[in-house]
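The block underneath contains the structure these notes are about, expressed in structure tokens.
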Amino acid sequence: MSLLPRTEALLARLIACPTVSSDSNMEMMALMADHLEHFGARVELFSDSTGRKANLFATLGPDIPGGVVLSGHSDVVPVTDQIWSSDPFTLTERDDHLYGRGSCDMKGFIAAALALAEPVSQTPLRRPLHLCFTHDEEVGCLGARALVPELQRRGYAPRMALVGEPTGMRLIEGHKGCCEYTTRFTGLEGHGSDPDAGVNAVLYALRYTQRLMDLAEALKTRAPADSRFTPPWTTVNVGRLAGGVAHNVIPGRAELDWEMRPVQPGDAEYMREALAHYVTHDLLPAMRAVHPGADITTEVIGEVAGLMPLPDNEARDLISRLTGSNTADVVPFGTEAGLFQDMGMSVVVCGPGEIAQAHKPDEFVTRSQLAQCLGLLEGVARSLAA
């Protein structure tokens, strides 16, 4: 029997759980845990310190090392200020397109993985099938970063991982890392008529930003000769700069949100060292000459490893055989895949939906892509039974 109707029904239930990253995902986690336990999966929920978020790790088949992880994140981005043609948290079908927040990023893949549970439960697997669903991927892969060391501590050792981010079912073997930061500047307020009597936090934030842009240009010269990424170098982006209260007040505080996407680990270290030197030897001495309490601090929002393309990749080879694809690409956007690679697995990214639809109003996944995904997952299950 086709799993597509079952997948669509599950997708409708998942989309109805409004798992925006700022909100709880416990309703969706309970739904998935109940579904998987009904078909005999061994399910563990790992709650965060607030009790409002959890990761789920489930296993079907023998309790031995090896096997394959099917991985997806439960959280979605907000719909605030977006204009939708239908309720974003109600699955809506139009012309074989299934609309709803998270339909492609990435509840479509999760629904397909859940639909696989029933036929897999009736199949004598020789190696385990694991399902891993995390929280807060969209805000720094927080769930996966907490889960991976816990899985290692408990002795889990899967051999391969398939991360079902929306790739249009293209095979992806590499992506850049993603490092996100908030840098805060504390100066000294004063009257705008005497700028030298205060420490203008906004101006120092601008100097820091200019240093970021200078380093961004320098990173272009460090691009590996064989880089397959577009662009081929580590990029830097300034996302937000805020500070000040009025035209005639020297701003005492400013805040800068920025990110970099490394193509190689050494670039991140290069940036951190260069910025630390600039802050210690240039900015802080100038600020503290006026106000000893001035400061610059940087909060790490998330530092997620990239997925490094490797000559030998068992997951890539398996998915290539099952899909008939003889090519594997790289992409600029980040996923949790690098965390699983660091855990010792061979990893590939492949899932239904297009990244161009993610995060936008009227997000959708097509039935044909869901059907392709189900065919792939059924092939993965057969490989574990062989």
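This one's a predicted model, so the numbers in the text were calculated from it and none came from an experiment.
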(request) Give the intermediate values and the outcome of side-chain contact (heavy atoms from CB on, under 4.5 Å) for residues K53 and D75. (result) CA-CA 10 Å; K53 302 286 185 73; D75 61 317; over 6 Å; no
(message) Donor-acceptor check, side chain of S24 to backbone of R52, threshold 3.5 angstrom: yes or no?
(response)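 Flag set: sc S24 to bb R52 pair under 3.5 Å.
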(request) Could you verify whether a donor N or O on one side chain and an acceptor N or O on the other, from H135 and S74, lie under 3.5 Å apart? (result) no
(message) Less than 3.5 Å apart, any donor N or O on the side chain of H97 or D95 sitting next to an acceptor on the other?
(response)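 Checked: H97/D95 side chains show no N/O donor-acceptor pair below 3.5 Å.
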Looking only at non-hydrogen atoms, find the nearest pair between [X] and [Y] and report the distance.
{"X": "S227", "Y": "P232", "answer": "OG-O, 2.9 Å"}
{"X": "T167", "Y": "C350", "answer": "OG1-CA, 3.5 Å"}
{"X": "L147", "Y": "C132", "answer": "CD2-SG, 3.4 Å"}
{"X": "V139", "Y": "S21", "answer": "CG1-CB, 3.9 Å"}
{"X": "R101", "Y": "V77", "answer": "NE-O, 3.1 Å"}
{"X": "G102", "Y": "V76", "answer": "CA-CG1, 3.7 Å"}

Are [Y] and [X] connected into the same hydrophobic cluster when the rule is that any two of I, L, V, M, F, W, Y join if their side-chain heavy atoms are below 4.5 Å apart?
{"X": "L60", "Y": "L151", "result": "no"}
{"X": "L56", "Y": "V120", "result": "yes"}
{"X": "L188", "Y": "V249", "result": "no"}
{"X": "W84", "Y": "V20", "result": "yes"}
{"X": "L36", "Y": "M29", "result": "yes"}

(message) I'd like to know whether T235 forms a side-chain contact (heavy atoms from CB on, under 4.5 Å) with K176, so could you lay out the CA-CA distance, the side-chain angles of the two residues, the decisive distance to 0.1 Å, and finally the verdict.
(response) CA-CA 10 Å; T235 58; K176 295 182 181 183; 3.8 Å; yes
Compare all side-chain heavy atoms of [X] with those of [Y] and state whether any distance is below 4.5 angstrom.
{"X": "M106", "Y": "H73", "value": "yes"}
{"X": "V380", "Y": "M160", "value": "no"}
{"X": "V304", "Y": "E336", "value": "no"}
{"X": "L98", "Y": "V365", "value": "yes"}
{"X": "L142", "Y": "D48", "value": "no"}
{"X": "S71", "Y": "F340", "value": "yes"}
{"X": "D312", "Y": "D317", "value": "no"}
{"X": "L256", "Y": "L212", "value": "yes"}

(message) Closer than 4.0 angstrom, basic N to acidic O: yes or no for R261 and E259?
(response) yes
(request) State plainly whether the residues R240 and D257 are in salt-bridge range, i.e. N to O under 4.0 Å. (result) yes
(request) May I have the step-by-step check of side-chain contact (heavy atoms from CB on, under 4.5 Å) for S320 and L171, ending in yes or no? (result) CA-CA 7 Å; S320 180; L171 191 58; 3.9 Å; yes
For [X], does the [atom1] atom sit with more than 12 other heavy atoms under 6.0 Å from it, leaving out its own atoms?
{"X": "D34", "atom1": "CG", "result": "yes"}
{"X": "R13", "atom1": "CZ", "result": "no"}
{"X": "R159", "atom1": "CZ", "result": "no"}
{"X": "R228", "atom1": "CZ", "result": "yes"}

(request) Apply side-chain contact (heavy atoms from CB on, under 4.5 Å) to M32 and L114, showing your working. (result) CA-CA 8 Å; M32 294 190 297; L114 292 173; 3.8 Å; yes
(message) Holding to ring-ring contact (aromatic ring centres under 6.0 Å, His included), I want the full list of residues that pass it with H38, two or more places apart in sequence or in another chain.
(response) none
(message) Distance check, rounded to the nearest 0.5 Å: R127 atom CZ versus I64 atom CD1?
(response)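 Result: 8.5 Å between the selected atoms.
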(request) Can you run down the salt bridge (Lys or Arg N to Asp or Glu O under 4.0 Å) pairs that involve residues 273-297, sequence neighbours left out, and say none if there aren't any? (result)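 Qualifying pairs: R288-D295.
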(request) Run the ring-centre check on H130 versus F57 and record whether the distance is less than 6.0 Å. (result) yes
(request) Run through T182, N237, T298, T183 and flag the one making a side-chain hydrogen bond (donor to acceptor under 3.5 Å, both in side chains) with W258. (result) T183
(request) With sequence neighbours excluded, give me every side chain to side chain donor-acceptor pair (under 3.5 Å) pair touching residues 142-153. (result)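 Counting only pairs at least two positions apart or across chains, the side chain to side chain donor-acceptor pair (under 3.5 Å) contacts touching residues 142-153 are E150-R153, E150-R154.
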